[in-house]
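For reference, the structure is listed below as structure tokens.
In this text the structure is predicted, and so the values were computed from the model without any measurement.
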Amino acid sequence: TKDTSFNPNLFPTAGQTSAHDIALVDGGKILVSGRFSIGNINGNIAGGYLARLNPDGTRDPAFPMYQANNIFAVARLAPLPSAETLMVRWVHPSSDIVKLDPNGGIDSSFHTGSGANGRINTIEVLSNGQILIAGSFSTYDGQPRQNIALLNADGTLAEGPGRTNKEVFATALDPSGRLLIGGEFTSVASGSQQVSVRHLARFNAFAATPGTAAFDYDGDGRSDVSVYRPSEGIWYLQNSTAGFGAVRFGVMVDKIAPA
């Protein structure tokens, strides 16, 4: 039966509002995104939105509502453990990804770039912080990527698991970190290997395991640079995601170990 205590009312005068994605976050609050249309044929305002609701459906005033008239919809959401949120924006004919901080502001340190030259249908945050996206596109941030792309935690492009000949609609990771995909495709490729497969496939070699890169000190799966100066007793670190840092630790004969 319908829960009458839940009464959302985001756009009371909206003509064609739709919800494209929903995500639950800490405290029982609800992120909801989609497309809004306010007005009539003589004066219509339309675009994408993202809002945070309280458990009873009322809008959370502590989280500013995101509205953009220059996009078609906020199509997909991916909450992060840091209370930040990744959102996929359909701009038509392209798509991009924007990161919001816990207060709903745009995180300018996240590399949005030019995004995909088509539609992003799915977004997954992997255990090492990398971001997997899939849909219908042939480039991401100006680089060739056929319907599947892998991003680093800061939004920059990484080497992906493979490609398909047609659109991907659904993705999932199994407990072993293998990527399952579903869509319209009839062939899948990874590296130089290409096989005929209809609509459902699994990338056997794809596993997002943190700490697999040598000298990865910030746990993002990429090697970092470190220098120890014995005269100061300080390790200087240039991390690929966490940035520059310095740590006073140990004595001259000590060796730093990856995270």
Subject >> Audit row: Asp96, Ser114, side chain to side chain donor-acceptor pair (under 3.5 Å) steps and yes/no >> reply: CA-CA 7 Å; Asp96 63 15; Ser114 59; over 6 Å; no

**OP:** Please test Leu24 against Ile30 for side chain to side chain contact (heavy atoms under 4.5 Å, CB included), starting from the C-alpha separation and ending with a verdict.
**Re:** CA-CA 5 Å; Leu24 298 178; Ile30 305 157; 3.8 Å; yes

Original post:
Is there a side chain to side chain contact (heavy atoms under 4.5 Å, CB included) between Val197 and Thr186 once you walk through the steps?
Top reply: CA-CA 5 Å; Val197 59; Thr186 55; over 6 Å; no

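Note on Ile97 and Val91: separate hydrophobic clusters, where clusters join Ile, Leu, Val, Met, Phe, Trp and Tyr whose side-chain heavy atoms are under 4.5 Å apart, directly or indirectly. In the hydrophobic clustering of ILVMFWY residues, with side-chain heavy atoms under 4.5 Å counting as a link, Leu77 and Ile106 come out together. Hydrophobic clustering, with ILVMFWY side chains joined whenever heavy atoms are under 4.5 angstrom apart, keeps Tyr66 apart from Leu53. Neither Ile71 nor Phe36 shares a network with the other; the hydrophobic side chains, linked directly or stepwise wherever heavy atoms of I, L, V, M, F, W or Y lie under 4.5 Å apart, form separate groups for each.
Remark: Asp60 engages Lys29, Arg52 in a salt bridge (Lys or Arg N to Asp or Glu O under 4.0 Å) (not counting sequence neighbours).
A salt bridge does not link Arg76 to Asp21: none of the charged nitrogens lies less than 4.0 Å from a carboxylate oxygen.
Pairing each heavy atom of Ser82 with each of Pro102, the nearest pair is O-CG, 3.9 Å. When all heavy atoms of Phe203 and Arg163 are compared, the closest pair comes out as CZ-N, 4.1 Å. Contact detail for Gly104 and Pro64: the closest heavy-atom pair is CA-CD, 4.4 Å. Residues Phe169 and Gly183 approach most closely at CD1-CA, 3.7 Å, considering heavy atoms. Looking at every heavy atom in both residues, Ser190 comes nearest to Pro161 through OG-O, 2.9 Å. Considering all non-hydrogen atoms of both residues, Val168 and Phe185 come closest at CG2-CD2, 4.2 Å.
Note: Leu173 CG to Arg202 CZ = 12.0 Å, rounded to the nearest 0.5 Å. Between the CG atom of Leu31 and the CZ atom of Phe63 there is a distance of 5.5 Å, given to the nearest 0.5 Å. Distance CD1/Ile148 to CG/Leu132: 7.0 Å, rounded to 0.5 Å.
In this structure, a donor-acceptor pair under 3.5 Å is absent between the side chains of Ser136 and Asn121. In this model, a donor atom of one side chain and an acceptor atom of the other lie less than 3.5 Å apart for Asn147 and Thr164. If you check the side chains of Thr171 and Glu124, you find a donor sitting under 3.5 Å from an acceptor.
Judged by distance alone, the side chain of Asn54 and the main-chain N or O of Gly57 form no donor-acceptor pair under 3.5 Å. Checked by atom type and distance alone, the side chain of Asn103 never pairs as donor or acceptor with a backbone atom of Gly105 at under 3.5 Å. Not a single donor-acceptor pair under 3.5 Å links the side chain of Asp154 to the backbone N or O of Phe110. Between the side chain of Asp107 and the main chain of Asp101, no donor-acceptor pair closer than 3.5 Å is present. Using modelled atom types, one side-chain atom of Ser95 and one backbone atom of Ile120 make a donor-acceptor pair closer than 3.5 Å. Between the side chain of Asp141 and the backbone N or O of Gly115 there is no donor-acceptor pair closer than 3.5 Å.
A side chain to side chain contact (heavy atoms under 4.5 Å, CB included) with Tyr140 is found for exactly one of Asn117, Leu151, Leu150, namely Leu151. Under the side chain to side chain contact (heavy atoms under 4.5 Å, CB included) rule, Phe137 has a single partner from Arg119, Arg145, Glu167, which is Arg145. The side chain to side chain contact (heavy atoms under 4.5 Å, CB included) test with Val98 singles out one residue from Val74, Thr112, Thr85, Leu50, and that residue is Thr112. For the side chain to side chain contact (heavy atoms under 4.5 Å, CB included) with Leu80, the lone residue among Val25, Val125, Leu100, Ile131 that qualifies is Val125.
A ring-ring contact (aromatic ring centres under 6.0 Å, His included) check over residues 71-104, counting only residues at least two apart or in different chains, returns the pairs His20-Trp90, Phe72-His92.
You'll find the side chain of Lys99 stays beyond 4.5 Å of the side chain of Met87, heavy atoms only.
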